[in-house]
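One structure is given below, encoded as C-alpha cells.
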Amino acid sequence: MLTQAPKGTKDIFGAEMPLWQQTEALMRKICGDFGIEEIRTPIFEHTELFLRSVGDTTDIVQKEMYTFNDKAGRSITLRPESTAGVARAYIEHGMFNDAQPTKLFYIAPTFRYENTQAGRQRQFHQFGIEMFGSYSPALDAEVISVAAHLMESLGVKDIELRINSLGGPECRKRYNQKLKEFIGKNIDGLCKECKSRYEKNPLRVLDCKEEGCKRIIADAPSVIDCLGPECREHFEKLQEILTNMGIKFVVDPMIVRGLDYYTRTVFEFVTTSIGAQSTVCGGGRYDNLIEQCGGPKTGAVGFGLGMERLLLTLQAQNGEAQYKPYRDIFIGSIGQKGFVKSQAITYELRKQGIKAECDTVGRSVKAQMKYANKIGAAYSMIIGDDEIEKDCANLKNMAEGESKEIKLSLLAEEIKKDLAK
Ligand code: ATP
Ligand code: MG
C-alpha cells in the first residue's frame, strides 16, 4: 500500500515527460493562435453542480463520481469533467458581460471511479476548450477546428472526425419517442442496465458499451431524421463551414455522448490505433447549460480531449519516446577547495542559462566522470587547487575526447561559443 499508487492512477515522469511537455506546449501555442485563454478551476466543486449539468441518469453521475462530505458536511465531488466548473466560473464572474464569445481552455486532472484498463484511468487528464456566447454553427466549427489543427500538427494518423446533431428539446422529444418504440421491440436482447435506461433516458442506450446492445443499437432509428427545420439548417451550415475549412468529417447518427447537457452538434475524434478506448476527443454544443446552472441563456460549445489516450495514440503510431538525459557541462572537482568552487561555478553558469551540473554526493574523480557520461554532459571540467590558483582548467569535449585550456573567469562565454557551434 505505502509504495503503490492508488488503482487507476499513474506517476508521470522520466521518459514520458518530454512528450507531455511538448504536447501541452503545442496546445498552449494553438490556443494562443485561436485567441483562447487559459482557465484553472478547482479540482472539486459542489456535488449539486454535476448532478444538474452532467445529468443524474448518466454513467458518470450514477457510477463514476468521487463524492464525499467535507468536515462541515458539504457534499463535494472531484471533477469528473471540466465543462460544469468552467460554466460555473463563466456565470460567477459575469463573463457574459465581456465581448462575446468567451473562449477558454484548460489542461486538467479529472477523476472518475471506473474499471481501469488501457486508456481508462481513475485520475486522467483532459485538455478542453469551452466557447460561450454564440448560437451560430461558426462557433461549433471553430471549436472543432482547434482539435482538428492539433491532430494535424501532431501528425496523428488513423483518426476520424465524426459529427452528429441531437437537435433541440423538441427534436429530442420526437426522437426519444421513436427510440423508445424501437428499444421496446428489442428490449429482451438488451443488458440489465439498458433496460432501466430505456425507462429513464433512452438516449443513454445508444452509448452502451456491451457487445449485445451495440449489435441491436446498430439498427436504431437515426436522430437526424427527427431534426426540425432550424436544427437541420444549423447542422447543414456546420458541415458547409467545415468543408470550406478543409476539415474532413463523417456524419455518424449513432454519436450521442455520455453527458446530458448536449444540444444540437455532438462530435468525436476516433482512432483505430489504441483498441477499445478509441475516442480521443469528444464534445458538442450545450445551449441550455448556462441557464440551467443559474446564468443567462447562452449558446456554448466545447470539447474534452483525453491526454493519456492522445499520447497512447502517438506512442502506438510513432513508437515509444527515447529518453536521453542531457547537460551542457559537468563541473567535477578534486579536493575540498575544488568541491566548494565547483558548486559556485555551477551556480554561476546556471544563472547564465547554461545547463550545468556538479557533484553533490562526494564521489571520487573516477565516479564523477562516469556520472558525467550518464547525465549526457557535452563538456566536462575538473576543478582542484591548481586550477583555482591559476584561474585555468581543461575543458573536455566529451564526444570527441579533446581538451583545451580555458580561463575560469571566461568559462561561461567559452561554453556558450562552443555550444553555438
Ligand atoms: P468513454 O466513452 O471512452 O468512456 P466518455 O464519453 O466517458 O468516454 P468524455 O466524458 O466525453 O468521455 O471525456 C472526453 C475524453 O476524455 C474522452 O474522449 C477520453 O479521451 C477521455 N477520457 C474519458 N474518461 C477517461 C478515463 N477514465 N481515462 C482516460 N481518459 C478518459
Ligand atoms: Mg466514460
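Side-chain atoms of Asp260 never come within 3.5 Å of backbone atoms of Gly55 as a donor-acceptor pair (strictly under, hydrogens ignored). Of the possible polar contacts, one joining the Arg309 side chain to the Thr279 backbone as a donor-acceptor pair under 3.5 Å is found. A side-chain donor-acceptor contact under 3.5 Å links Glu308 to the backbone of His125. Side-chain atoms of Ser342 do not come within 3.5 Å of backbone N or O of Val340 as any donor-acceptor pair. Remark: side-chain polar atoms of Thr346 are not paired, donor with acceptor, to backbone N or O of Ala356 under 3.5 angstrom. A donor-acceptor distance shorter than 3.5 angstrom exists from the side chain of Asn164 to the backbone of Ile255, with no hydrogens or angles considered. A donor-acceptor pair under 3.5 Å is absent between the side-chain atoms of Tyr371 and the main chain of Lys366, judged by distance alone. With hydrogens and angles disregarded, a donor-acceptor distance shorter than 3.5 Å links the side chain of Arg112 to the backbone of Pro80. Listed for the Asn186 side chain is a donor-acceptor partner under 3.5 Å among the backbone atoms of Phe182. Between the side chain of Gln315 and the backbone N or O of Asn318 there is no donor-acceptor pair closer than 3.5 Å.
Looking at heavy atoms from C-beta onward, Lys192 lies out of side-chain contact with Lys195 at the 4.5 angstrom threshold. Taking 4.5 Å as the limit, some side-chain heavy atom of Pro101 sits within range of a side-chain heavy atom of Leu139. Side-chain atoms of Phe96 and Thr102, non-hydrogen and from C-beta on, never get closer than 4.5 Å to each other. At least one side-chain heavy atom of Leu310 sits less than 4.5 Å from a side-chain heavy atom of Val156. Residues Phe105 and Phe127 form a side-chain contact, since some pair of their non-hydrogen atoms from C-beta on lies under 4.5 Å apart. You'll find the side chain of Leu78 stays beyond 4.5 Å of the side chain of Glu45, heavy atoms only. Taking the side chain as every heavy atom from C-beta outward, Arg162 and Met254 never approach each other to under 4.5 Å. Between Asp359 and Phe330, some side-chain heavy-atom pair lies under the 4.5 Å cut-off.
Annotation: the span from Leu203 atom CG to Leu166 atom CG amounts to 6.0 Å, rounded to 0.5 Å. Taking CD1 from Ile107 and OG from Ser82, the interatomic distance works out to 11.0 Å, rounded to the nearest 0.5 Å. Note that CD1 of Ile91 is 10.0 Å distant from CD of Gln292, once rounded to the nearest 0.5 Å. Atoms CZ and CE, on Phe269 and Met151 in that order, are 5.5 Å from each other to the nearest 0.5 Å. The distance from the OG atom of Ser134 to the CZ atom of Arg285 is 6.0 Å, given to the nearest 0.5 Å.
Counting non-hydrogen atoms of neighbouring residues, nucleotides and ligands closer than 6.0 angstrom, the CD atom of Gln117 exceeds 12 such neighbours. Annotation for Lys297: atom NZ counts as buried by contact number, over 12 foreign heavy atoms lying within 6.0 Å. In this structure, Ile334 places its CD1 atom where only 12 or fewer heavy-atom neighbours from other residues, nucleotides or ligands lie under 6.0 Å away. Within 6.0 Å of atom OH in Tyr198, more than 12 heavy atoms from other residues, nucleotides or ligands are found, so the atom counts as buried in its surroundings. Within a 6.0 Å radius of CZ in Phe68, more than 12 heavy atoms belonging to other residues, nucleotides or ligands are found. More than 12 heavy-atom neighbours from other residues, nucleotides or ligands sit within 6.0 angstrom of CG on Asp33. Counting heavy-atom neighbours within 6.0 Å of Lys180 NZ, excluding the residue itself, gives a total above 12. Applying the 6.0 Å contact sphere to CD of Gln239 captures more than 12 heavy atoms from other residues, nucleotides or ligands.
Pairing each heavy atom of Ile345 with each of Leu411, the nearest pair is CG2-CD2, 3.7 Å. In plain terms, the two heavy atoms of Lys178 and Cys226 that are nearest each other are CD-SG, 3.6 Å. The heavy-atom pair separating Asp11 from Ala5 by the smallest distance is OD2-CB, 4.5 Å. When all heavy atoms are compared, the tightest approach of Ala147 to Cys281 is CB-SG, 4.2 Å. Annotation for Ser145 and Phe34: closest pair OG-CE2, 3.3 Å, computed over non-hydrogen atoms. Asp158 and Ser273 get closest at one heavy-atom pair: OD2-OG, 3.8 Å.
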May I have the step-by-step check of side-chain contact (heavy atoms from CB on, under 4.5 Å) for Val54 and Met65, ending in yes or no?
CA-CA 11 Å; Val54 174; Met65 294 209 302; over 6 Å; no

Before you tell me yes or no, could you show the steps for Ile329 and Glu357 under side-chain contact (heavy atoms from CB on, under 4.5 Å), namely the whole-Å CA-CA distance, both residues' side-chain angles and the distance that decides it to 0.1 Å?
CA-CA 6 Å; Ile329 185 166; Glu357 201 66 67; over 6 Å; no

Test side-chain hydrogen bond (donor to acceptor under 3.5 Å, both in side chains) applied to Thr23 and Gln21, step by step:
CA-CA 5 Å; Thr23 310; Gln21 290 174 335; over 6 Å; no

I would like to know whether Tyr326 and Ile375 meet side-chain contact (heavy atoms from CB on, under 4.5 Å); could you show each step before the answer?
CA-CA 6 Å; Tyr326 172 80; Ile375 60 173; over 6 Å; no

Begin from the C-alpha positions of Gln123 and Thr9 and carry the test side-chain hydrogen bond (donor to acceptor under 3.5 Å, both in side chains) through to its verdict.
CA-CA 5 Å; Gln123 175 171 339; Thr9 69; over 6 Å; no

Does the side-chain contact (heavy atoms from CB on, under 4.5 Å) test come out yes or no for Ile129 and Lys103, once each step is laid out?
CA-CA 7 Å; Ile129 305 282; Lys103 307 200 278 187; over 6 Å; no

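A side-chain donor from one of Lys416 and Gln352 sits under 3.5 Å from a side-chain acceptor of the other. In summary, the side chains of Tyr286 and Glu130 do present a donor paired with an acceptor at a separation below 3.5 Å, with no hydrogens or angles considered. For the 3.5 Å distance criterion, the side chains of Thr271 and Ser278 fail to qualify, holding no donor opposite an acceptor. Residues Glu16 and Tyr323 bring no donor and acceptor atom of their side chains to less than 3.5 Å of each other. For the residue pair Thr116 and Gln121, no side-chain donor N or O sits within less than 3.5 Å of a side-chain acceptor on the partner. Side-chain atoms of Tyr261 and Thr83 include a donor-acceptor pair closer than 3.5 Å.
Ion pairing between a basic and an acidic side chain is recognised when a charged N comes within 4.0 Å of a carboxylate O; Asp207 and Arg197 show no such pairing. With respect to the salt-bridge test (charged N to carboxylate O, under 4.0 angstrom), the residues Glu348 and Arg350 do not qualify. A salt bridge does not link Glu114 with Arg122: none of the charged nitrogens is closer than 4.0 Å to a carboxylate oxygen. With respect to the salt-bridge test (charged N to carboxylate O, under 4.0 angstrom), the residues Lys63 and Glu193 qualify. Using a 4.0 Å cut-off between charged side-chain N and carboxylate O, Glu160 and Lys248 make no salt bridge. Ion pair Glu48/Arg52 flagged as a salt bridge, since at least one NZ, NE, NH1 or NH2 atom sits closer than 4.0 Å to an Asp/Glu carboxylate oxygen. A salt bridge does not link Arg232 to Glu230: none of the charged side-chain nitrogens sits closer than 4.0 Å to a carboxylate oxygen.
Remark: Arg79 is not positioned above the aromatic ring of Phe50, lacking an NZ or CZ atom under 6.0 angstrom from the ring centre and at most 45 degrees off the axis.
Using bins of under 30°, 30° to 60° and over 60° for the plane-to-plane angle, the ring pair Tyr90/Phe132 lands in the parallel bin.
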